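None of the values given here were measured: they were computed from a predicted structure. Protein chains get the first letters and strands the later ones, always in sequence-line order, with residue 1 at the start of each.
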2 protein chains.
Amino acid sequence: MNILEKITQNKAAFSKSEKKVAEIILANPQTAIHSSIATLAKMSDVSEPTVNRFCRRLDTKGFPDFKLHLAQSLANGTPYVNRHVDENDSPDEYTNKIFESTMASLEVARQSIDVNVVNRVVDLLTQAQKISFFGLGASASVAHDALNKFFRFNVPVVYFEDILMQRMSCMNCSAGDVVVLISHTGRTKSLVEIAQISRMNDATVVGITSADSPLAQECSYVLSLEVPEDTDMYMPMASRIAQLTLIDVLATGFTLRRGNKFRENLKRVKDTLRGSRYDKRDG
Amino acid sequence: MNILEKITQNKAAFSKSEKKVAEIILANPQTAIHSSIATLAKMSDVSEPTVNRFCRRLDTKGFPDFKLHLAQSLANGTPYVNRHVDENDSPDEYTNKIFESTMASLEVARQSIDVNVVNRVVDLLTQAQKISFFGLGASASVAHDALNKFFRFNVPVVYFEDILMQRMSCMNCSAGDVVVLISHTGRTKSLVEIAQISRMNDATVVGITSADSPLAQECSYVLSLEVPEDTDMYMPMASRIAQLTLIDVLATGFTLRRGNKFRENLKRVKDTLRGSRYDKRDG
DNA sequence: CAAAAAATGTTAAAAAATTACATTTTTCTT
DNA sequence: AAGAAAAATGTAATTTTTTAACATTTTTTG
C-alpha cells in the first residue's frame with residue numbers, strides 16, 4: 001500500500017539507475033513531491049524517462065500519479081513505520097508511535113463495527129428504564145466514562161466498580177432494564193456471571209467485547225470491536241480507546257434519537273457547571 | 001491544515017464559479033486528484049483558469065500543488081469531511097463521523113505535544129514517592145484509567161473522585177510526591193485549588209490541561225493538549241481520548257525508563273489475572 | 001567474443017498548466 | 001436607473017511538464 005515501503009521493499013529489483021532515483025526519493029521524499037520530473041532526474045543524475053519508468057515500475061500511471069501516491073504516504077498521520085514501541089525509543093519516537101497506533105486501531109475498530117447492532121442498541125437505550133454500565137480493570141474506567149455521559153441525559157444510570165455491588169444491582173433488574181458490560185477479552189468470569197444474572201432477571205444485556213467470547217455468548221446483543229492485539233506492554237491501551245469511542249457513538253445516537261428539545265436540556269446541564277468554573281476572561 | 005476543511009470553511013468567500021468547482025471537488029475528491037485541470041474545468045462547467053485561480057485562493061502554488069494537498073487530505077484515515085454530527089445522520093453516518101473526528105483530534109493533539117515536557121514528566125514519575133491522579137467530571141474517568149495503569153507498576157498511586165478526599169490527600173503531600181491533575185478546560189475551581197494546596201505542600205504538580213488556563217498557571221509542569229473544540233453535543237469526547245492517549249504515553253515512558261527487569265514484573269502482574277478468567281480454549 | 005536482451009539516453013511530440021489579455025457580469029455611485 | 005468602476009470569468013497563446021519513439025550504450029548469455 002504505502003509507496004515508500006514499496007520502494008524500500010522492491011529496491012533489490014531495481015536497475016542501477018532506478019536505484020539512484022530511489023535513493024534520492026527516500027532521502028528526501030518531501031522535496032520529491034514538489035519537484036518536476038526534470039529536477040528529480042537531474043538530482044538523481046539520470047534521464048527523465050528513467051524517472052518515468054521508475055514510477056511505472058511501482059504500478060503508478062506515471063510521474064504525476066506517483067507524486068500523488070507519495071504525497072499520501074507522507075500525509076500527516078500516516079505512520080510509515082507504525083511499529084511497536086522499542087526498548088531504545090526516544091520520547092519523541094514512543095510518543096508518536098503510541099498516537100499513531102492508537103489512530104490505526106480506531107480505524108480498524110471502526111471498520112469492524114456492525115452499524116445495525118449500534119442502531120438496535122441505541123433503540124434499546126432510549127427506551128430503557130434503567131441503564132447499568134459495568135466493567136472491571138481497565139474497562140472499569142470506560143464504564144465510568146459511560147456513566148458520566150449518560151448521567152447528563154437525565155436517565156437512571158448505574159455504575160459500580162465493586163463486583164459485589166454489581167451483582168446485587170443486577171439481581172434487582174427487571175424487564176426494560178439494560179445492562180451494558182464492557183470487557184476487551186470477554187473472559188472475565190465475574191462479568192460473565194453478571195450477564196447471566198441480569199438475563200435471569202429479564203434485563204437486556206449488551207456486551208461491548210470481542211466476538212465469540214464467553215461473555216459475548218451470554219449477551220442479548222454484542223457490539224464487537226476488532227482491535228489489533230495490544231502491544232507487548234501488557235496493558236490494555238488501544239482496546240480501551242475504541243470502547244470509549246463506541247460509547248461516544250452510542251451517546252450520540254441516543255441524543256439524536258431523543259431529538260431537539262432533548263438537546264436543549266443537555267445544554268442546560270452544561271450551563272449548570274458554569275458556577276464551578278473560572279470565567280474565560282480570567283484565563 | 002486539511003485542505004478539504006479549508007474548502008468547506010472558505011466556501012462563503014468563493015465566487016459563483018469557484019463555488020461550482022468546490023462542489024465538484026467536495027462531491028468526489030477521489031476523482032478530482034486523478035483529473036487534469038481541463039477535465040475538472042469541464043466537470044465544474046467553468047474555464048480552466050478559473051480552476052487555477054480557485055487553487056491559488058487556497059494558498060497553493062497552482063493546480064498540481066493543489067492536487068498534492070488534496071491527496072494528503074485524503075490519505076490514511078484522515079476524515080475528509082470532518083463535519084459535525086448532523087440532526088438527520090443515519091447510524092452509519094454518525095458512527096463514522098465520530099470515529100473520524102476522534103482520529104483527527106488525536107492527530108492534532110499529537111502535534112501539539114511538547115516532547116520535552118513529556119520526557120521531564122516521565123522523569124518525575126519514575127522518581128516519585130507517591131503519584132496522585134485527580135480529575136472531575138469527564139476527566140475523572142481519565143484519572144481512573146491512569147490509576148489502573150500505574151497501579152500495575154507497583155508504585156504508590158492514589159485516585160479520588162470526591163473533592164474533599166482529593167483535598168485531604170493533597171494536604172498530606174510532601175516533597176517527592178507528584179500530583180497529576182486532568183482537566184480539559186483548566187477552569188474547574190476546585191482543581192485549581194488542589195493544585196495550590198499540593199504545591200504548598202511541596203508536591204510537584206503536573207497538569208494535563210489546555211495551555212494558559214488558570215489551572216496551567218498553578219502547575220509545575222503543563223502537558224498541554226490542543227484539541228479541536230468538542231462538538232455541539234455538549235459532551236467532552238475527543239479531549240478525553242487525547243488525555244487517555246497521553247496517559248498511555250506517560251505509562252509507556254515509565255516502563256521504558258524502568259528497564260527490562262521491570263517489564264518482566266509487569267508480565268507477572270498480568271499473569272496473576274489469569275485465575276479470574278476463562279481459558280482461551282473455552283471460547 | 002559476438003549476438004541478444006536489457007537498460008539508459010536523446011530528441012521530438014503531446015499534454016497540461018499558466019499567463020496575458022479580452023469580455024462579461026456585478027457592484028456602486030450619482 | 002444609467003453608467004462607471006471593479007470584480008469575475010473566459011479565450012487564446014505561451015510555457016512548462018510529461019511522455020512516446022527511437023537511438024545508443026551496457027549487460028548478459030551461449
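Pro214(B) places none of its side-chain heavy atoms less than 4.5 Å from the side chain of Glu218(B).
The shortest distance between the side-chain N/O atoms of Lys16(B) and the OP1/OP2 oxygens of dT26(C) is below 4.0 Å.
If you run side chain to side chain contact (heavy atoms under 4.5 Å, CB included) between Thr209(B) and each of Ile182(B), Val222(B), Leu225(B), only Val222(B) comes through.
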Worksheet, complete the sentence: Given protein heavy atoms under 4.0 Å, the one-letter contact record of nucleotides 9-22 of chain C, with B base, S sugar-phosphate only and - none, is simply BB------SSB---

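Under the 3.5 Å distance criterion, with hydrogens and angles disregarded, a donor-acceptor pair is assigned to the side chains of Ser36(A) and Thr39(A).
Between Arg110(B) and Glu107(B) there is a salt bridge, since at least one side-chain N of the basic residue sits less than 4.0 Å from a carboxylate O of the acidic one.
Atoms CZ (Phe14(A)) and C1' (dT8(C)) sit 16 Å apart, rounded to a whole Å.
If you take NZ on Lys19(A) and CD1 on Ile7(A), they are separated by 14.0 Å, rounding to the nearest 0.5 Å.
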